[in-house]
Amino acid sequence: MDRGPTPDHVRSNRAVWDGWAPEYVEPGRKAWASDEPVWGIYGAPEADVGLFEPFEGGDIVELGCGTAYVSAWLTRRGGRTVGIDNSASQLATAAVFQQEFDLHFPLVHGDAEQLPFTDESFDFAISEYGAAIWCDPYRWLPEAARVLRPGGRLVYLRNSVLLMLCVASDDETPTSDQLLRPQFGMHRFEWPDDPGIEFHLSHGEHIQLLRACGFEVENLIEIRPPTDATETRYPYIDLAWAQQWPAEEAWIVRKAR
Ligand SMILES: C[S@@+](CC[C@H](N)C(=O)[O-])C[C@H]1O[C@@H](n2cnc3c(N)ncnc32)[C@H](O)[C@@H]1O
C-alpha cells in the first residue's frame with residue numbers, strides 16, 4: 001500500500017541505525033549463538049516471559065529485526081520467518097550471521113510502516129525494540145494488522161510508559177523516581193544528545209489504537225530483571241530502578257477472527 005512520502009523519522013532513523021550497527025555485532029553474535037531466548041535489556045529468560053508461547057509456527061515476520069537473532073530463534077523452532085529492517089548495515093550483519101550459523105531466511109530492507117507484504121500473509125509478528133519503539137504506532141500497528149491473518153498474534157517488547165516519564169534526557173543520568181514529563185500527549189520522543197527518534201504512547205491511547213486496528217489485547221507483561229541481572233550498557237536505565245518499577249513491557253495482542 002502506498003502511504004505517501006517516507007516520513008522524516010524513518011529517513012533519519014535509517015542513517016542513525018546504519019551508524020550504530022557496528023555496536024550491535026557482538027551482542028547479535030552472542031544471541032545468534034544461543035538457543036535460549038532472553039528478552040530486553042536485562043535478558044529476562046523466555047521461560048519467565050513467554051513471548052513465543054504457545055508457539056504456533058507458520059509464517060512469521062520480525063518488524064525491525066536488526067541483526068535478526070529473534071528471527072533465528074523462531075526459524076530454529078520451525079517458523080517460516082522473514083526479517084525486515086530499515087538499516088542496510090544491520091541487515092548486512094544479519095546476513096553474515098546467516099553464513100556463520102548456517103541458518104537462512106529472507107531478510108528484507110524496508111520500512112515497517114509500509115510493509116512490502118500482501119494482506120493477511122503472516123500468522124505471527126514480533127518486534128523487540130524494533131518497530132515497537134522506532135516506528136510511529138499510528139503507522140506500524142495498522143500495517144501489522146493488515147499483514148496478519150485473522151487470529152494472528154503480534155508480540156512486541158519496548159520501554160515501559162513509566163520509564164519514559166522518569167528517564168533523564170541525557171545518556172548518563174540514572175533514571176529518576178520523579179515524573180519528569182507529562183503523560184498526556186506523549187508520542188514522539190527526541191533527545192538533546194541522541195539523534196534517534198522514538199515513539200511511546202500512554203497505555204490508554206495505546207489500547208484505543210490497538211482496538212481501532214482490530215486487535216484484542218491478550219496480555220501486557222511488565223518485565224522484571226532476573227535475580228542475577230547486572231547493570232547494562234544503558235546507564236540511564238539503572239538496575240535498582242528497574243527492580244522497583246517496570247522498565248520494559250511486552251504487549252501480546254491478537255487480530256480478531
Ligand atoms: C534495537 S534494534 C532491534 C533489533 C534487536 N531486537 C535488538 O534489540 O538489537 C532496532 C532496529 O529497528 C530498526 N528500525 C528502525 N526504524 C525502522 C523502520 N521504520 N522499519 C523497520 N525497521 C526499523 C533499526 O534499523 C534497528 O535495526
Side-chain angles (χ1 to χ4, degrees), residues 27-28 30-83 103 105 112 122-133 137 140-141 144-145 147-164 200-201 203 206-207 209-211 213-230 232 234 237 239 242-257:
K30 189 170 161 220
W32 266 79
S34 169
D35 269 334
E36 310 249 327
V38 293
W39 297 109
I41 56 175
Y42 293 107
E46 166 66 4
D48 294 348
V49 183
L51 299 191
F52 288 167
E53 298 305 326
F55 183 70
E56 291 161 345
D59 296 303
I60 297 175
V61 62
E62 185 183 1
L63 302 168
C65 63
T67 58
Y69 54 83
V70 174
S71 293
W73 295 334
L74 288 161
T75 304
R76 286 194 193 115
R77 278 167 173 68
R80 291 182 297 276
T81 315
V82 179
L103 186 70
F105 47 83
F122 295 99
D123 303 292
F124 184 57
I126 188 161
S127 170
E128 183 203 30
Y129 285 110
I133 69 165
W140 84 270
L141 285 170
V147 301
L148 277 170
R149 298 187 175 116
R153 206 152 53 105
L154 167 66
V155 168
Y156 52 104
L157 190 147
R158 43 174 301 113
N159 307 112
S160 75
V161 171
L162 192 56
L163 182 86
M164 298 319 297
H200 304 273
L201 288 184
H203 286 160
H206 205 142
I207 290 170
L209 173 59
L210 284 166
R211 289 178 62 83
C213 294
F215 286 116
E216 293 161 358
V217 178
E218 292 196 339
N219 208 346
L220 173 59
I221 303 170
E222 293 164 333
I223 295 179
R224 237 180 152 144
T227 46
D228 59 354
T230 53
T232 70
Y234 306 106
I237 309 175
L239 182 56
Q243 283 166 333
Q244 297 177 79
W245 298 284
E248 303 180 286
E249 61 189 35
W251 290 78
I252 301 184
V253 305
R254 201 178 277 277
K255 182 169 166 177
R257 287 183 193 278

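Side-chain atoms are counted along with the backbone in the values below, which use heavy atoms only and exclude waters and symmetry mates. From a predicted model like this one, the values you see are computed outputs, not experimental measurements.
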Q. Judged by atom type as modelled, is there a donor-acceptor pair below 3.5 Å linking the side chain of K255 to the main-chain atoms of A145?
A. yes
(Q) Set out, in order, the CA-CA distance, both residues' side-chain angles and the distance that settles side chain to side chain contact (heavy atoms under 4.5 Å, CB included) for V161 and E249, then state yes or no. (A) CA-CA 8 Å; V161 171; E249 61 189 35; 4.2 Å; yes
Q: Give the intermediate values and the outcome of side chain to side chain contact (heavy atoms under 4.5 Å, CB included) for residues F124 and V61.
A: CA-CA 7 Å; F124 184 57; V61 62; over 6 Å; no
Q: Of all the heavy-atom pairs spanning A131 and S127, show the shortest one and how long it is.
A: N-OG, 3.2 Å
(Q) So, taking the atom named CH2 in W245 and the one named OG in S160, what distance separates them when rounded to the nearest 0.5 Å? (A) 11.5 Å
Q | Distance-minimising heavy-atom pair for D35 and R77 | A | O-NH2, 3.7 Å
Q) Taking only residues two or more places apart in sequence, or in another chain, which ones meet W140 in a ring pair (Phe, Tyr, Trp, His ring centres under 6.0 Å)? A) Y156
Q. Excluding sequence neighbours, so at least two apart, what forms side chain to side chain donor-acceptor pair (under 3.5 Å) with S71?
A. E62
Q) Taking it one step at a time, do R76 and L103 satisfy side chain to side chain contact (heavy atoms under 4.5 Å, CB included)? A) CA-CA 8 Å; R76 286 194 193 115; L103 186 70; 3.8 Å; yes
Q: Kindly compute the distance separating CG (L210) from CZ (R254), expressed to the nearest 0.5 Å.
A: 14.0 Å
Q. Which distance, rounded to the nearest 0.5 Å, do you find between the CD1 of I223 and the CG of L51?
A. 6.0 Å
Q.
If we count only N and O atoms by modelled type, under 3.5 Å, do the side chains of Y129 and E248 hold a donor and an acceptor together?
A. yes
Q. Of all heavy-atom pairs between I60 and F55, which one has the smallest distance, and what is that distance?
A. CD1-CE1, 4.1 Å
Q: Compute whether any side-chain donor of one residue and acceptor of the other, for E46 and W39, lie under 3.5 angstrom apart.
A: yes
Q: Fit a plane to each ring of H206 and W251, take the angle between them on a 0 to 90° scale, and name the class: parallel (under 30°), tilted (30 to 60°) or perpendicular (over 60°).
A: parallel
**Q.** Spatial distance of atom CG (L220) from atom CD1 (I207) [nearest 0.5 Å]
**A.** 7.5 Å
Q) Distance from L154 atom CG to F122 atom CZ, nearest 0.5 Å? A) 12.5 Å
Q) E128 side chain to G40 main-chain N or O, any donor-acceptor pair under 3.5 Å? A) yes
(Q) Taking D123 first and then R153, would you say they form a salt bridge - that is, a charged N and a carboxylate O separated by under 4.0 Å? (A) no
Q.
For the backbone of I41 and the side chain of T232, can you confirm whether one donor and one acceptor N or O come within less than 3.5 Å of each other?
A. no
(Q) Evaluate V70 against I126 for side chain to side chain contact (heavy atoms under 4.5 Å, CB included), listing each step before the verdict. (A) CA-CA 8 Å; V70 174; I126 188 161; 3.9 Å; yes
(Q) I need the minimum non-hydrogen distance between A44 and R224, along with the two atoms involved. (A) CB-O, 4.2 Å
Q) So do the side chains of T230 and Y42 get within less than 4.5 Å of each other, counting heavy atoms only? A) no
Q. At their closest point, which heavy atom of I133 faces which heavy atom of R158, and how far apart are they?
A. CG2-CB, 3.6 Å
Q. What's the shortest heavy-atom distance between A144 and F215, and which atoms?
A. C-CZ, 4.2 Å
Q) Under 6.0 Å from the CZ atom of R211, do we count more than 12 heavy atoms belonging to anything else shown? A) no
Q. Is there a donor-acceptor contact under 3.5 Å from the side chain of W32 to the main chain of T67?
A. yes
Q: Rounded to the nearest 0.5 Å, what's the gap from CD on E216 to CD1 on I252? Could you check?
A: 14.0 Å
Q.
If the condition is side chain to side chain donor-acceptor pair (under 3.5 Å), which residues does D59 pass it with, not counting sequence neighbours?
A. R80, R149
